[in-house]
A.B. asks: 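A single structure is presented below for examination.
So you know, we letter chains A, B, ... as the sequences are listed, proteins then strands, and number each from 1. Keep in mind that this is a model prediction, so the values were computed, not measured. Hydrogens, waters and symmetry mates play no part in the numbers below; they use all other heavy atoms, side chains included.
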There are 2 protein chains.
Amino acid sequence: MERPELPLPQLHAFVVLAEELHFGHAAARLGIAQPPLSQQIRRLEDKVGHALFTRAPGRVTLTPAGSELLPAARRALTDLSDGLAAARAVGSGRAGRLRIGFAASLALTILPGLLRTFRHQFPGVHLDIHEMTTAPQIAALHDQTIDIGLLREPPTDETELVFRTVLSEPFVAVLPSTHHLAGQRAVQLSQLADSPFVLLPRMVGPPLHDQIIGLCTAAGFTPQVVQHAVEWQTVCALVETGLGVSLAPASIRRIRLKGVAFRRIEPHTARTRVAVAWRENDHNPLVTHLLATISQDSPDRT
Amino acid sequence: MERPELPLPQLHAFVVLAEELHFGHAAARLGIAQPPLSQQIRRLEDKVGHALFTRAPGRVTLTPAGSELLPAARRALTDLSDGLAAARAVGSGRAGRLRIGFAASLALTILPGLLRTFRHQFPGVHLDIHEMTTAPQIAALHDQTIDIGLLREPPTDETELVFRTVLSEPFVAVLPSTHHLAGQRAVQLSQLADSPFVLLPRMVGPPLHDQIIGLCTAAGFTPQVVQHAVEWQTVCALVETGLGVSLAPASIRRIRLKGVAFRRIEPHTARTRVAVAWRENDHNPLVTHLLATISQDSPDRT
DNA sequence: GCGCTCCATACGCCTAGAGATATCAGACCG
DNA sequence: CGGTCTGATATCTCTAGGCGTATGGAGCGC
């Protein structure tokens, strides 16, 4: 790519003159006087090294060389004008691409409304939605694979990343409907001490896992985990088979399964937080826009 | 098409920096110092209205807006550079299109060599070859349908057009081989007075037609034209059938037909000229080149 | 902590070129 | 033959911007 030889203003003048084929009219369209236009064309011809127009008074015509240059000049000008507009649209956040990672359970709660609101406000923005658990989201944020993470129980030791709580919800006990506690409206946590547990593996979201274990510990027992499952959907399915019980964020009530009962637990204080995460140094306006959308869309509801 | 806002040098700097992602190296590739490059990018960003790069020392990256602008800028630059090269090629006559009209009879004589030589010298030039008689060539030259005409007996009353003789050749008598004059090596023109004639219609080339009639008149008779044919090829075929005789430029000897004899005529002085014609005000370099090729290729041979 | 790398800032210089006004020259027309 | 239209020339002004040198300041590695 060598140094550009043809100034754009001259090319612009060239294109307009090629359309008007009349120095006076072209100059008027350019908003300048006629002599400067003659100069522009002349300079351009000097640089090209050949005449671009034949001028017989009243009879301005493109030369073969001019005809050859015209489409290239036109393309270059429209490319630049379009590219500039596109860059501005992206820069101002009216267009572009935003990559979002989200925990599967959120697909049942805040995610649909959020996406709908955002798409409505920024129809030009393409959203890449990736379902992924907490730990991969953190990693993906770090290596710029996603721009926004929606996850549970954000880790506290992350530099470079910022977290903001979107939603705080209590835990519920997940019981097979045949379970002897399913008849109660609420369950004392300690009553689950003897039931086998189905949980997510610690790996997919250590903080949430630790919090659940901590709840049980605080209630005076260590849960007997007989089975791991990567998704809450699967956990519920396993509970339905009678394999065991579980503790889960309240929003998974949306998973409706015939043989599964969700029951409030006592004590009721423990809550799990859903947070939005992004890179602290990410100045992508779309990130800002999405954060704003979250604020207005789900104003810290419980 | 509105006024271009982004100066090309800045776009060039932008593209190079986007490739190098390093101010120092990019500046070196541009052949300038580093501070000016910083300024260029800064000015460009000011005009766009958004940052195009994120600069952490040692870690220069394109922003989304920058990524959006980059392909447009690259296209514009290559378009201009290619377009300029193409325009220069056309302007200097190394490329382009040349439209040539020629009389059918010339396809047997000067045309093949001429085209071969020209194509060899200017392989980038596309030649449009149209077979047409004299009068249509004149018209086509006037309304810019062809750029070069190769025709017989140029009219003398044409302004705006220039003619240069390429070839001058004598006339020959075209006789059926059964004709009683076919036994002679040469034919006195007056001996044809009683034979019916086959000729081209006057319309397709008035000067040549008038010259043939004039020859007969000078020999003391008015030819009895019993049949017209638009092509010499056809004239010869008709002569072969014994329909009549004809007078034709010597180069049609190349049309070899069993039943046709070509004989030198006396007096031997009358010659027909083949000329190249072009528009006087046509500055297309290809026209000049073709004229030069004709000069060197057929140096006024008889 | 020191130096190195890398980019930004701050002047200052200078040219290209974009613009205007005034004027000239050729073609065409009544 | 003069008026009009069209484009070219001449001359001047002004400024945007391209480039340089000198310097500042933030990370990063040893």
Side-chain angles (χ1 to χ4, degrees), chain A residues 2-48 50-63 66 73 77 80 159-160 280-281 283, chain B residues 1-48 51-63 66 73 77 80 159-160 280-281 283:
Chain A
E2 65 281 344
R3 184 190 215 83
E5 306 179 53
L6 308 180
L8 279 188
Q10 290 173 17
L11 287 169
H12 185 210
F14 167 65
V15 170
V16 171
L17 180 57
E19 285 167 0
E20 298 288 337
L21 290 180
H22 186 292
F23 278 75
H25 299 167
R29 242 184 71 183
L30 290 165
I32 62 176
Q34 169 262 317
L37 175 58
S38 285
Q39 288 185 16
Q40 303 265 55
I41 301 300
R42 178 133 170 51
R43 270 197 285 268
L44 186 61
E45 288 177 326
D46 284 349
K47 292 199 175 132
V48 173
H50 303 280
L52 299 173
F53 294 95
T54 61
R55 31 283 231 194
R59 208 153 295 249
V60 177
T61 323
L62 274 172
T63 64
L77 288 176
L80 283 187
T159 174
E160 295 191 25
E280 186 172 15
N281 65 355
H283 298 120
Chain B
M1 181 109 21
E2 65 281 347
R3 185 191 216 82
E5 305 179 54
L6 308 181
L8 279 188
Q10 290 172 17
L11 287 169
H12 184 211
F14 166 64
V15 170
V16 172
L17 179 57
E19 285 167 359
E20 299 287 338
L21 290 179
H22 186 292
F23 279 74
H25 300 166
R29 242 184 73 185
L30 290 165
I32 62 176
Q34 169 263 317
L37 175 58
S38 285
Q39 288 185 15
Q40 303 265 53
I41 301 300
R42 179 133 169 51
R43 270 198 285 269
L44 187 61
E45 287 177 327
D46 284 350
K47 293 201 174 131
V48 172
L52 299 173
F53 294 96
T54 62
R55 21 303 224 185
R59 208 154 295 245
V60 177
T61 322
L62 274 173
T63 63
L77 288 176
L80 283 187
T159 172
E160 295 190 27
E280 187 171 16
N281 63 355
H283 298 118

A.B. asks: Would L8(A) and L80(A) count as a side-chain contact (heavy atoms from CB on, under 4.5 Å) if you check the C-alpha gap in whole Å, the side-chain angles of each, and the deciding distance to 0.1 Å?
C.D. replies: CA-CA 10 Å; L8(A) 279 188; L80(A) 283 187; 3.4 Å; yes
A.B. asks: Heavy atoms only: give me the nearest L77(A)-H12(A) pair and the separation to one decimal.
C.D. replies: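 Looks like CD1-CA, 3.8 Å.
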A.B. asks: Please give me the minimum heavy-atom distance between L21(B) and L62(B), naming the atom from each residue.
C.D. replies: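 Shortest heavy-atom contact: CD2-N, 4.4 Å.
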A.B. asks: Would you tell me if any nitrogen or oxygen in the side chain of H22(B) comes within less than 4.0 Å of OP1 or OP2 on dT5(C)?
C.D. replies: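 Result: no.
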A.B. asks: Between dA18(C) atom C1' and K47(A) atom NZ, what is the distance in whole Å?
C.D. replies: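 From K47(A) NZ to dA18(C) C1': 11 Å.
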A.B. asks: For residues A73(A) and V15(A), report the shortest heavy-atom separation together with the two atoms involved.
C.D. replies: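 Heavy-atom minimum between the residues: CB-CG2, 3.8 Å.
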A.B. asks: Which nucleotide sits closest to the side chain of A33(A): dG20(D), dA20(C), dC7(C)?
C.D. replies: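 Selected nucleotide: dA20(C).
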A.B. asks: L37(B) has an atom CG; how far is it from atom C1' of dC6(C), in whole Å?
C.D. replies: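 From L37(B) CG to dC6(C) C1': 12 Å.
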A.B. asks: Rounding to an integer number of Å, can you tell me how far R55(A) CZ sits from dA27(C) C1'?
C.D. replies: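 Nearest whole value for this atom pair: 17 Å.
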A.B. asks: Among dC19(D), dA8(C), dG17(C), which is the nearest nucleotide to the side chain of Q40(B)?
C.D. replies: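 Closest of the options to the side chain of Q40(B): dC19(D).
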A.B. asks: Rounded to whole Å, how long is the line connecting atom CG of L44(B) with atom C1' of dG18(D)?
C.D. replies: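 Rounded to the whole Å, the gap is 14 Å.
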A.B. asks: Listing time: all N or O pairs from protein to nucleotides 9-14 of chain D that are below 3.5 Å?
C.D. replies:
residue, atom, partner, partner atom, Å
dT11(D), O4, Q39(A), NE2, 3.2

A.B. asks: Round to a whole Å and report the spacing from CG of L30(B) to P of dG17(D).
C.D. replies: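 Roughly 17 Å, once rounded to whole Å.
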A.B. asks: Atom CD of E160(A) to atom C1' of dG27(D): distance rounded to whole Å?
C.D. replies: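 So the CD-C1' distance, E160(A) to dG27(D), works out to 14 Å.
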A.B. asks: Between F23(A) and R55(A), what is the shortest heavy-atom contact and its length?
C.D. replies: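 Heavy-atom minimum between the residues: CZ-NE, 4.0 Å.
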A.B. asks: Using OP1 and OP2 only, check whether a side-chain N or O of R43(A) sits under 4.0 Å from dA18(C).
C.D. replies: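 Indeed, a polar side-chain atom of R43(A) lies that close.
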A.B. asks: Whole Å only: how far is the CZ atom of R59(A) from the C1' atom of dT6(D)?
C.D. replies: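 After rounding, the reported distance stands at 12 Å.
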A.B. asks: Quick check on dT6(D): is either OP1 or OP2 less than 4.0 Å from any side-chain nitrogen or oxygen of H25(A)?
C.D. replies: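 Answer is no, no contact under 4.0 Å.
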A.B. asks: Looking at the side chain of P7(A), which of dG18(D), dA18(C), dA8(D) is the nearest nucleotide?
C.D. replies: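 Of dG18(D), dA18(C), dA8(D), dA18(C) is nearest to the side chain of P7(A).
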A.B. asks: Please list every donor-acceptor pair under 3.5 Å in which a side-chain atom of residues 32-44 of chain B meets a protein atom from a residue at least two apart or in another chain.
C.D. replies:
residue, atom, partner, partner atom, Å
Q34(B), NE2, S38(B), OG, 3.1
R42(B), NH1, D46(B), OD1, 3.3

A.B. asks: Grab the CG-P distance between D46(A) and dA8(D) for me, whole Å please.
C.D. replies: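 Interatomic distance, CG of D46(A) to P of dA8(D): 12 Å.
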A.B. asks: Minimum heavy-atom separation for L6(B) and K47(B), please, with both atom names.
C.D. replies: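 The pair with the smallest heavy-atom distance is CD2-CB, 4.0 Å.
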